[in-house]
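Structure, as structure tokens:
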2 protein chains.
Amino acid sequence: MAGRAVRQERADATRGAILAAAERLFAERGVYAVSNRQVSEAAGQGNNAAVGYHFGTKADLVRAIARQHAEQVERLRLRMLGEVGDSTDVRDWVAALVRPVLEHLAELPSPTWYARFCAQVMTDPALHEIMTDESLASPALRRTVEGFNRCLPELPIEVHIERGAMARHLILHMCAERERALAENTATPRSSWHDAATGLIDGIVGLWLAPVTR
Amino acid sequence: MAGRAVRQERADATRGAILAAAERLFAERGVYAVSNRQVSEAAGQGNNAAVGYHFGTKADLVRAIARQHAEQVERLRLRMLGEVGDSTDVRDWVAALVRPVLEHLAELPSPTWYARFCAQVMTDPALHEIMTDESLASPALRRTVEGFNRCLPELPIEVHIERGAMARHLILHMCAERERALAENTATPRSSWHDAATGLIDGIVGLWLAPVTR
DNA sequence: TTTTAAATCAGTCGCTTGACTTAAGTATGG
DNA sequence: CCATACTTAAGTCAAGCGACTGATTTAAAA
């Protein structure tokens with residue numbers, strides 16, 4: 001009964017070590033530039049096949065890392081969704097999109113690698129899909145997007161899609177850039193993740209409300 | 001005299017083949033996931049050391065690719081700069097920032113790999129610097145940024161830096177995404193690079209003119 | 001206690017890597 | 001017409017790769 005838990009605990013510790021090591025190495029060097037051997041070693045495993053044993057393919061490992069974080073972000077976004085309620089202010093909904101992600105990064109022990117990891121994963125066509133799958137599986141995200149669409153002024157469909165992509169890129173790469181700067185101890189325009197989120201929200205709202213050239 | 005040119009021509013053809021092959025492979029798989037051997041083979045070279053012979057390190061090869069394109073973009077931007085003149089409309093200057101890049105992509109034979117190549121390069125801290133060096137070496141870009149700053153409403157310095165970064169990310173990754181979609185024959189929100197540029201300019205202008213939360 | 005199975009370790013396999021060396025081919029300049 | 005210098009080809013080398021195998025440890029179940 002409680003016995004099984006002990007063995008599980010040991011395995012979970014190893015799994016966790018592999019996840020953490022992989023996230024860091026993938027973020028710094030790129031997913032396909034890092035071998036499973038290097039991940040195993042960085043996780044303190046004598047066995048060079050530890051990754052294969054616990055996760056299978058490299059894509060499975062990437063999915064596991066993504067899911068771990070997605071769960072945390074989901075938790076934060078649900079809370080935020082409660083605060084937003086049924087607001088009709090575009091800014092509130094953009095905040096519900098942005099803030100949970102940056103709050104999550106702020107909560108993580110420093111230095112963080114998650115944003116850079118995401119940026120690396122999103123550049124690969126195959127892995128890209130894994131990432132979007134894990135994100136779109138989130139009910140809170142879906143509800144946020146719906147609420148956002150309700151109070152957004154009417155836009156041509158192609159502009160709507162286009163600006164959605166712009167907002168995604170903005171969140172992803174501004175986070176990755178800030179994270180990199182923090183890791184390398186170089187200057188950042190904002191002194192906290194919270195302030196960075198505010199600036200990001202300002203920009204994204206401006207982007208969505210910009211007039212459309214026809 | 002004319003003799004030397006023939007040998008040079010042969011070498012230039014090989015160099016060109018290597019540049020083209022490297023750009024494609026780097027864009028698709030990432031710079032460090034592709035070996036010099038693979039580049040040499042893809043360029044039709046029997047010699048597995050052809051890359052080393054013609055370019056030296058992988059960073060030198062990346063720089064050569066970046067420079068090649070930067071020259072074309074420079075040419076287009078200079079022309080655009082003439083049209084903009086001394087306009088005081090923010091939009092004109094954003095257009096001078098954006099249009100040359102997308103015009104260059106439109107001029108290249110399809111499919112293109114340059115935008116994805118840039119996106120890959122920018123994710124690596126070491127290569128990142130090579131790319132920015134090649135870009136900032138452009139006088140036309142510098143003049144454009146200056147002209148832009150002259151007609152932009154006053155912003156806190158940190159917001160200015162922040163939004164500059166946002167605009168950069170937007171241009172880079174929207175181009176890469178569109179390029180990927182074209183290569184994979186999936187849907188794109190806009191039917192031409194020119195229209196994509198218009199949408200991008202709309203968004204970036206909105207971003208810069210957005211009110212600042214204090 | 002003994003048995004069982006999960007988890008880890010240790011090592012092998014064929015293959016590819018970057019760095020390097022050597023040889024062959026070729027237009028030029030003497 | 002030949003020697004030179006530049007370019008390409010071909011192959012070697014240790015190191016590292018993923019995939020795989022069998023042995024060992026360890027806690028659970030019998």
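All values below come from the heavy atoms of this structure, side chains included, with hydrogens, waters and symmetry mates left out. Within every chain, numbering begins at 1; the chains are lettered A, B, ... in the order of the sequence lines, protein sequences first and strands thereafter. Small disclaimer: the values here were computed from a predicted structure and weren't measured.
The separation between B:I18 atom CD1 and D:dT7 atom C1' is 11 Å, rounded to whole Å. D:dC17 atom P lies 16 Å from atom CZ of B:R37, rounded to whole Å. The nearest whole Å value for the distance from the CG atom in B:N47 to the P atom in C:dT26 is 16 Å. Remark: C1' of D:dG16 and CZ of A:R29 are 13 Å apart, rounded to the nearest angstrom. When rounded to the nearest whole Å, the span between CZ of A:F55 and P of C:dA7 equals 12 Å.
When the nucleotides D:dT7, C:dT8, D:dA10 are ranked by their closest atom to the side chain of B:Y53, D:dT7 comes out on top. Checking C:dC9, C:dG18, D:dT8 against the side-chain heavy atoms of A:Q45 singles out C:dC9 as nearest. For B:T14, taking side-chain heavy atoms from C-beta onward, the closest of the listed nucleotides D:dA19, D:dT8, C:dG18 is D:dT8. Candidate nucleotides D:dT8, C:dC9, C:dG18 were compared by shortest atom distance to the side chain of B:S35, and C:dG18 ranks first.
Contact annotation: A:H54 does not reach the phosphate of C:dA6 (side-chain N/O to OP1 or OP2, under 4.0 Å).
Taking each heavy atom of B:E28 and B:W113 in turn, the nearest pair found is OE2-NE1, 3.5 Å.
Heavy atoms of other residues, nucleotides or ligands lying less than 6.0 angstrom from CZ of A:R190 number more than 12.
Between A:R63 and A:E134, at least one side-chain N (NZ, or NE/NH1/NH2) sits under 4.0 Å from a carboxylate O, which counts as a salt bridge. Salt-bridge formation is not detected for the pair B:R99/B:E83: no Lys NZ or Arg NE/NH1/NH2 atom is positioned less than 4.0 Å from an Asp or Glu carboxylate oxygen.
Within the nucleic acid shown, A:N36 comes within 4.0 Å of sugar-phosphate atoms alone, with no base atom in reach, counting heavy atoms only. Looking at heavy-atom distances under 4.0 Å, B:A49 makes contact with a base.
Annotation: of the two residues near DNA chain D, B:N48 and A:Q38, the 5′-most nearest-nucleotide partner is B:N48. Map A:G44 and B:K58 each onto its nearest nucleotide of DNA chain C; the residue landing nearer the 5' end is A:G44.
Side-chain contact, A:T198 with A:D195: no donor N or O sits under 3.5 Å from an acceptor N or O.
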